[in-house]
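Naming convention: chains lettered A, B, ... in sequence-line order (proteins, then strands); numbering from 1 in each chain. Just the heavy atoms: all of them, side chains too, but no hydrogens, waters or symmetry mates, feed the values below.
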Amino acid sequence: MIIAVVGPTGVGKTKMAVALAKKYGAQIISCDSMQVYKKLDIGTAKVTAKEKESIIHHMIDICDVNADYSVYNYQKDARAILNKLVASNINVIIVGGTGLYLKALLYNYEFKNIEEKRSFSEFTNEELYEMVLKINPNNDIHVNNRQRLESYLKNHNKDDGIKKNSELLYNTVFIGLTMPREKLYNVIDSRVDEMINGGLLKEAKSLYDNNTSGKSIKTAIAYKELYEYFDGNLSLDGAVDLIKKRSRNYAKRQYTWFKNQMNVKWFNVLLNDFNTTINEVVSYIQIQNK
RNA sequence: GGCUCUGUAGCUCAGUCGGUAGAGCAAGGGACUGAAAAUCCCUGUGUCGGCAGUUCGAUUCUGCCUGGAGCCA
């Protein structure tokens with residue numbers, strides 16, 4: 001049995017995953033693009049040893065903060081684990097908020113091995129767009145989306161359109177956790193405050209002092225803003241507000257993905273009565289497995 | 001008390017030489033195959049502080065009232 005627990009940041013996915021893992025004797029595979037990195041603990045809301053409740057968690061702390069980890073690596077690594085667990089008849093709970101990683105793990109996404117790393121810095125957006133159009137006349141990547149245009153040009157192999165109908169490869173029950181938007185935003189805001197009070201500044205400062213500056217730092221919300229603060233470009237309050245804002249924006253994007261990319265059954269999370277939510281989810285899973 | 005500036009979208013502000021307004025951010029929706037906690041797309045009617053005057057017509061000019069900021073006493 002494979003269960004995927006999805007939803008925006010801050011809804012309680014970690015807690016739900018552990019509860020379900022205990023219930024079904026399952027192991028957990030994390031599906032989070034930032035929790036794969038070591039040393040990014042507080043800011044990524046990584047599960048603590050205590051929260052794990054001795055459930056086995058995979059795909060957390062698997063690479064160096066300075067490493068360049070991507071969906072390509074994730075798919076390879078996570079599938080290896082998933083296949084092994086499935087073969088051993090062990091139940092699996094996949095939890096995480098990184099939609100693309102989840103999809104790459106469970107659907108027929110295919111990535112090529114890239115040898116040469118081409119640079120496209122000499123081209124304008126329009127030129128890149130034309131280049132993509134030549135390869136794929138049905139291209140629907142927007143001209144302004146340079147990042148994706150470059151990515152397409154780097155990764156496509158002649159005559160194969162990157163886009164394929166995505167097909168689910170593993171029989172999976174998708175559980176989505178949600179709550180009213182306003183409530184979620186309040187939870188996110190106060191969670192950021194808790195992180196700050198819980199040692200996030202110290203964690204980020206020690207990375208900063210060690211000149212840690214990989215892709216992870218540039219991408220991860222909280223770290224990139226605190227680096228701006230350490231550099232003197234932002235006040236502490238300004239940085240904290242930015243972290244909150246970007247976390248909220250991120251949560252909204254997560255909803256868009258999970259609502260439209262996969263068939264998710266949504267459950268409203270009751271903050272003061274999480275057990276009720278757990279029971280609802282469990283009874284839904286029971287029905288699905290009949 | 002006097003002088004000056006100011007009150008326009010949830011926020012910061014533009015603007016209309018008089019014909020009822022527009023950006024950024026927020027917010028909402030969407031896309032997504034190697035940065036994905038990323039990147040990008042779409043969506044802007046709001047008594048233009050209140051009342052009155054001038055005018056065919058005022059958010060725009062004038063007067064008064066009122067909220068805010070500063071300077072002088």
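Judged by closest nucleotide on RNA chain B, A:Tyr109 is the one of A:Tyr109 and A:Asp32 placed further toward the 5' end. Annotation: of the two residues near RNA chain B, A:Lys218 and A:Asn144, the 5′-most nearest-nucleotide partner is A:Lys218.
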Would you sort out whether A:Glu203 and A:Tyr223 count as a side-chain hydrogen bond (donor to acceptor under 3.5 Å, both in side chains), showing the intermediate values?
-> CA-CA 9 Å; A:Glu203 181 178 293; A:Tyr223 300 94; 2.3 Å; yes
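Straight-line distance from the OH atom of A:Tyr223 to the P atom of B:rA38: 15 Å, rounded to whole Å. Straight-line distance from the NZ atom of A:Lys13 to the C1' atom of B:rA37: 11 Å, rounded to whole Å. Look at CG on A:Leu153: it is 13 Å from P on B:rU33, rounded to the nearest Å. Rounded to a whole Å, the CG atom of A:Leu242 is 20 Å from the P atom of B:rC11. What separates CZ of A:Arg246 from C1' of B:rA35 is a distance of 14 Å, to the nearest Å. Regarding A:Lys224, its NZ atom lies at a distance of 11 Å from the C1' atom of B:rA36, rounded to whole Å. Spacing between atom NZ of A:Lys259 and atom C1' of B:rA31 amounts to 13 Å, rounded to whole angstrom units. Between the CG atom of A:Leu102 and the C1' atom of B:rA36 there is a distance of 13 Å, given to the nearest Å.
Within 4.0 Å of A:Lys103, counting heavy atoms only, lies no atom of the nucleic acid at all. No engagement by A:Asn73 is indicated, since no non-hydrogen atom pair under 4.0 Å with the nucleic acid exists. Here A:Gly97 lies in heavy-atom contact (under 4.0 Å) with sugar-phosphate atoms only. Using a 4.0 Å heavy-atom cutoff across all strands shown, A:Tyr74 reaches no nucleic acid atom at all. At the heavy-atom level, A:Thr44 lies under 4.0 Å from base atoms of the strands shown.
Aromatic ring centroids of A:Tyr107 and A:Tyr170 lie 6.0 Å or more apart.
Using a 4.0 Å cut-off, some side-chain N or O of A:Tyr250 falls inside it from OP1 or OP2 of B:rA37. A:Asn145 has no side-chain polar atom (N or O) that falls below the 4.0 Å cut-off from OP1 or OP2 of B:rC41. Listed pair A:Thr256 / B:rA31 fails the phosphate criterion, with no side-chain N or O lying under 4.0 Å from OP1 or OP2. Between A:Tyr101 and B:rA36 there is a side-chain N or O to OP1 or OP2 distance below 4.0 Å.
Across all strands shown, B:rG46 forms no Watson-Crick or G-U wobble pair with both key distances under 3.5 Å. Remark: B:rC25 base-pairs with B:rG10; criterion is Watson-Crick or G-U wobble with both hydrogen-bond distances under 3.5 Å. If you check B:rC5 for Watson-Crick or wobble pairing at under 3.5 angstrom, you find it paired to B:rG68. Pairing of B:rU62, defined by two Watson-Crick or G-U wobble distances under 3.5 Å, is identified with B:rA52. Across all strands shown, the partner of B:rU39 is B:rA31, judged by Watson-Crick or G-U wobble contacts whose two distances both fall under 3.5 Å.
Around atom NZ of A:Lys183, no more than 12 heavy atoms belonging to other residues, nucleotides or ligands sit under 6.0 Å away.
For A:His142, the listed nucleotide lying nearest its side chain is B:rC41; candidates were B:rU39, B:rA35, B:rC41. Between B:rA36, B:rC40, B:rA35, one nucleotide has an atom nearer to the side chain of A:Arg148 than all others, and that is B:rA36. When distances run from any side-chain atom of A:Gln261 to the nucleotides B:rC32, B:rA36, B:rA37, the shortest one goes to B:rC32. Listed nucleotides B:rC40, B:rC32, B:rG30 differ in distance to A:Trp257; the shortest reach to its side chain belongs to B:rC32. If you check B:rG29, B:rA35, B:rA31 against the side chain of A:Thr219, the one that comes closest is B:rA35.
Scanning both residues, A:Glu225 and A:Ile243, for their nearest heavy atoms gives CB-CG1, 3.6 Å. A pairwise comparison of heavy atoms in A:Ile285 and A:Met1 identifies CG2-SD, 4.0 Å as the closest pair.
With P as the reference atom, B:rG24 and B:rC40 are 14 Å apart, rounded to whole Å. Rounded to whole Å, the P atom of B:rG22 lies 10 Å from the corresponding atom of B:rG44. Straight-line distance between the C1' atoms of B:rU20 and B:rA58: roughly 9 Å, to the nearest whole Å. Distance check on atom P: B:rG15 versus B:rU60 gives 16 Å, rounded to whole Å. Spacing between B:rA38 and B:rG28 at atom P, rounded to whole Å, works out to 16 Å. Between B:rG49 and B:rG10, the distance separating the two P atoms is 13 Å to the nearest Å. For the C1' atoms, the distance from B:rC56 to B:rU66 is 31 Å, rounded to whole Å. Distance check on atom C1': B:rA37 versus B:rU16 gives 43 Å, rounded to whole Å.
Both tests hold for A:Lys205 against A:Phe230: distance to the six-membered ring centre under 6.0 Å, angle to the ring axis within 45°.
Salt-bridge annotation for A:Asp241 and A:Lys245: absent, with no side-chain N of the basic residue lying under 4.0 Å from a carboxylate O of the acidic one. Under the 4.0 Å criterion applied to side-chain N and carboxylate O atoms, A:Lys39 and A:Asp64 are not assigned as salt-bridge partners.
The closest side-chain donor-acceptor pair between A:Asn155 and A:Ser151 falls under 3.5 angstrom.
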Footprint string (nucleotides 22-27 of chain B, 5' to 3'): B base within contact, S backbone only, - free, heavy atoms under 4.0 Å = ---SSS
Return all side-chain donor-acceptor pairs below 3.5 angstrom for residues 9-16 of chain A, not counting sequence neighbours, or 'none' if the list is empty.
residue, atom, partner, partner atom, Å
A:Thr9, OG1, A:Arg191, NH2, 2.7
A:Lys13, NZ, A:Gly7, O, 3.2
A:Lys13, NZ, A:Pro8, O, 2.9

